[in-house]
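These notes are about the structure you will find just below.
Lettering follows sequence order; numbering is per chain, from 1. Please read these numbers as outputs of a predicted model, since none were measured by experiment.
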Amino acid sequence: MTLQIYNMLHREKMPFEPINEGKINMYVCGPTVYDHAHLGHAKTYVSFDIIVRYLRARGYDVLYVQNLTDVGHLLDTGEDRILKKARQSASLPMQIVETYTRSYFEDMDALGVARPDISPRASGHVPEQIEMVRQLIDKGHAYEVDGNVYFDVRSWEGYGKLSNRQIEKQEAGSREEVRSDKRHPDDFALWKRAEPEHIMRWDSPWGVGFPGWHIECSAMARKYLGETFDIHGGGIDNIFPHNECEIAQSEACNDAEFARYWLLVGSLMVPDEFGNPVKMSKSLGNFYTVKDALALHPPQVIRAFIATGHYRKPITFSEKALSDARQGWERMFTAVHFTREKLRTAPESDEGNGILETIKQTRTQFYAAMDDDFNAPVALSSLYDFTREVNAMIRNVPDAGKSVLQAIEDAYTEMGTEVLGVVPDTTLFANPEREADLIRLLVEIRANAREDRNFALSDQIRDHLAERNISLLDTANQGTFWQVL
RNA sequence: GGCGACGUAGCCAAGUGGAUAAGGCAUGGGUCUGCAAAACCCUGAUCGCCGGUUCGAAUCCGGCCGUCGCCUCCA
């Protein structure tokens, strides 16, 4: 089987071939750390997390770099996002950066997103950016005007190849500032002169200033991954101008291909007042922070929701969509948990081994789906099909053997936990073993009460546990199962 | 105006030329249960509309209608 990836650069699905066999260098555009992450960010970074986990599960040695933008990202007012936030909260820019960087990792950690191998900050790589700008000027691809340096888009014939924009066809000037000192409206800033009130400033050959937004990714990708690397990812909303500018400046500077495969993630949408989906974004005020969502649902539910849609497509969010995803996820996690509980006392036999064939089929479907441009929705659906079989087996084969149950558990761990990250590797308790033990005691006491037909006591125990999100399931011939959700 | 997408059952969402159109949620019926919110079984769509290509199309082409994204900060 070969891994097929849809490459946005060529707009087609193609076999994946890394530059160096077995090794993948990958860069993903990270967030601008000036506020808490919302579910739109979660969609992008969970999607790439699943991709990275799958590549690693497939045996690739992945070097994953994801930047943190902490300077140079301007609002349309020309104001730096970080500086604006700093002024609003009467703090230093780097305090803002630190606060929201920590918040971002806190959220991503909670969502089970594996940390990037390197998380370079733009402000920590100003010399590298200056060097790249200098090289671009030397090669005639950039020019300086009064302390500002611009990339000359007409000097690079490849400009527009990712987003399919042709500068001649753009309606030049329609939205351009009248006083611009650019030679061409599409020319973009590599370095900007700092006005006196702009406190994030560095010395450069062109005076005191700060780097433009796009150059950080080019400079940091080159530093850590080399001039040419395998995969570049990001959100589709940054295809133009950001990604386009990255390609132009990198390839013009290095005389080498930039990234070979471009993977761009569809946006998270949310219905507007008329029910039409619009992009979740800060400015529209229709966002839902990761922290808000995590207060209501286990992280695996959020991942499962994200995985119900293909990474390239937009997905529409609503609280109902999230809770619907939760219902299905609960059924699966229940199967996993019951398997683990039975495993504790299972006999040494291969009773119930009919399901081994199902496991084999599930694995085949799962990997085929993930090999087809990381089709997580189909991969997840194979786990749901599997779950139905597991739940049926758990009930129909009371004395299922240890090796069989272990095979089920292994399959869930391999696909559900390690690749998709939707199956918790333990219960959702803070102290899993101790709390599980206490519940087993209560279940035992309740079983005795039921035997005495003391339903008042048995229901008291059940209700008490239910109030703590612990549900009980009585069976005809194998006692009571419990689950925490 | 330019560029790019999307429109599949009540809702979310796979599938991009071929045999019964994945999966999740919800609905209805059933099994099990002392009861029960669980679990299992059964239950639904001919794929926005029109035309074309083809032995054959949800899947390709054209037109129309509707929606969204980017072009200005956004993952």
Side-chain angles (χ1 to χ4, degrees), chain A residues 8 11 13 28-32 34-35 37-45 47-48 73-77 79 81 160 163-166 169-171 174-175 186 213 233-242 244 264-269 272 274-284 287 304-305 308-310 312-318 320-332 334-335 338 365 369 372 375-385 387-396 450 453 455 458-459 462-463 466 471-476 481-483 485:
Chain A
M8 189 58 83
R11 310 267 167 167
K13 211 182 275 184
V28 170
C29 288
T32 301
Y34 73 106
D35 211 336
H38 60 232
L39 287 175
H41 299 102
K43 180 181 190 294
T44 297
Y45 300 117
S47 295
F48 281 114
H73 207 161
L74 306 184
L75 294 161
D76 49 9
T77 55
E79 201 170 18
R81 294 170 151 339
S163 60
N164 199 22
R165 280 176 168 78
Q166 293 164 281
K169 287 192 177 174
Q170 297 275 89
E171 277 195 30
S174 61
R175 306 187 79 113
D186 277 4
W213 173 34
I236 186 73
D237 48 353
N238 274 335
I239 189 171
F240 189 89
H242 182 64
E244 198 65 75
L264 300 179
V265 176
S267 301
L268 185 71
M269 315 295 280
D272 65 12
F274 306 110
N276 293 322
V278 294
K279 197 174 76 168
M280 178 176 285
S281 71
K282 216 72 207 170
S283 54
L284 291 176
F287 59 92
F305 165 70
T308 58
H310 186 92
R312 261 192 291 124
K313 286 199 170 183
I315 185 169
T316 305
F317 167 83
S318 66
K320 182 179 182 300
L322 192 55
S323 61
D324 284 355
R326 178 178 186 141
Q327 293 305 114
W329 171 84
E330 285 187 358
R331 190 168 59 81
M332 177 167 67
T334 294
F338 287 0
Q365 286 172 21
D372 183 13
N375 196 330
V378 172
L380 182 60
S381 78
S382 72
L383 250 33
Y384 281 125
D385 284 336
T387 292
R388 213 170 282 287
E389 300 290 321
V390 172
N391 272 322
M393 184 270 203
I394 283 172
R395 279 158 193 76
N396 300 334
R450 290 182 73 218
R453 302 195 70 78
F455 297 122
S458 70
D459 287 352
R462 185 171 66 187
D463 292 346
S471 58
L472 301 183
L473 195 179
D474 297 323
T475 65
F481 287 106
W482 59 275
Q483 167 68 312
L485 290 167

For [N], the Watson-Crick or wobble partner whose two distances fall under 3.5 Å:
N       : result
rG1(B)  : rC71(B)
rC6(B)  : rG66(B)
rC60(B) : rG52(B)
rA45(B) : none
rC40(B) : rG30(B)

Quantified in whole Å, what is the [atom1] atom distance between nucleotide [N] and nucleotide [M]?
N       : M       : atom1 : value
rA37(B) : rC64(B) : C1'   : 49 Å
rU27(B) : rC42(B) : C1'   : 13 Å
rC47(B) : rG28(B) : P     : 28 Å

Inset, instruction - Produce a footprint string for nucleotides 13-27 of chain B: one letter per nucleotide, 5' end first; B if the base is under 4.0 Å from any protein heavy atom, S if only the sugar-phosphate is, - if neither. - result: SSS------BSSSS-
Legend entry - Short side-chain N/O contact to rC40(B) OP1/OP2 from Asn391(A), under 4.0 Å: yes
Legend entry - Below 4.0 Å: OP1/OP2 of rA75(B) and any side-chain N or O of Lys282(A):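 False: Lys282(A) side-chain N/O out of range (4.0 Å or more) of rA75(B) OP1/OP2.
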Legend entry - His41(A) and Tyr45(A) aromatic ring geometry - parallel, tilted or perpendicular at 30°/60° bounds: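 Correct class here is parallel.
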Inset, instruction - Evaluate the ring planes of Phe338(A) and Phe481(A), with Trp represented by its six-membered ring, and classify them as parallel (under 30°), tilted (30 to 60°) or perpendicular (over 60°). - result: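 The arrangement is parallel - the two ring planes meet at less than 30°.
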Inset, instruction - Would you kindly check whether a donor in the side chain of Arg462(A) faces an acceptor in the base of rC35(B), or vice versa, at under 3.5 angstrom? - result: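 Pair found.
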Legend entry - Under 5.5 Å and under 30°: Tyr45(A) stacked on rA75(B): no
Close N/O contacts between protein and nucleotides 28-33 of chain B (under 3.5 Å):
none

Inset, instruction - Tell me, please, which residues at least two apart from Lys282(A) pass salt bridge (charged side-chain N to carboxylate O under 4.0 Å, His left out). - result: Asp35(A)
Rounded to the nearest angstrom, tell me the gap between atom [atom1] in [X] and atom [atom2] in [N].
X         : N       : atom1 : atom2 : answer
Asp272(A) : rC68(B) : CG    : C1'   : 10 Å
His242(A) : rC71(B) : NE2   : P     : 13 Å
Met8(A)   : rC3(B)  : CE    : C1'   : 12 Å

Inset, instruction - Could you check which of rA39(B), rC71(B), rG69(B) has an atom nearest any side-chain atom of Phe240(A)? - result: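 In terms of side-chain proximity for Phe240(A), the closest of rA39(B), rC71(B), rG69(B) is rC71(B).
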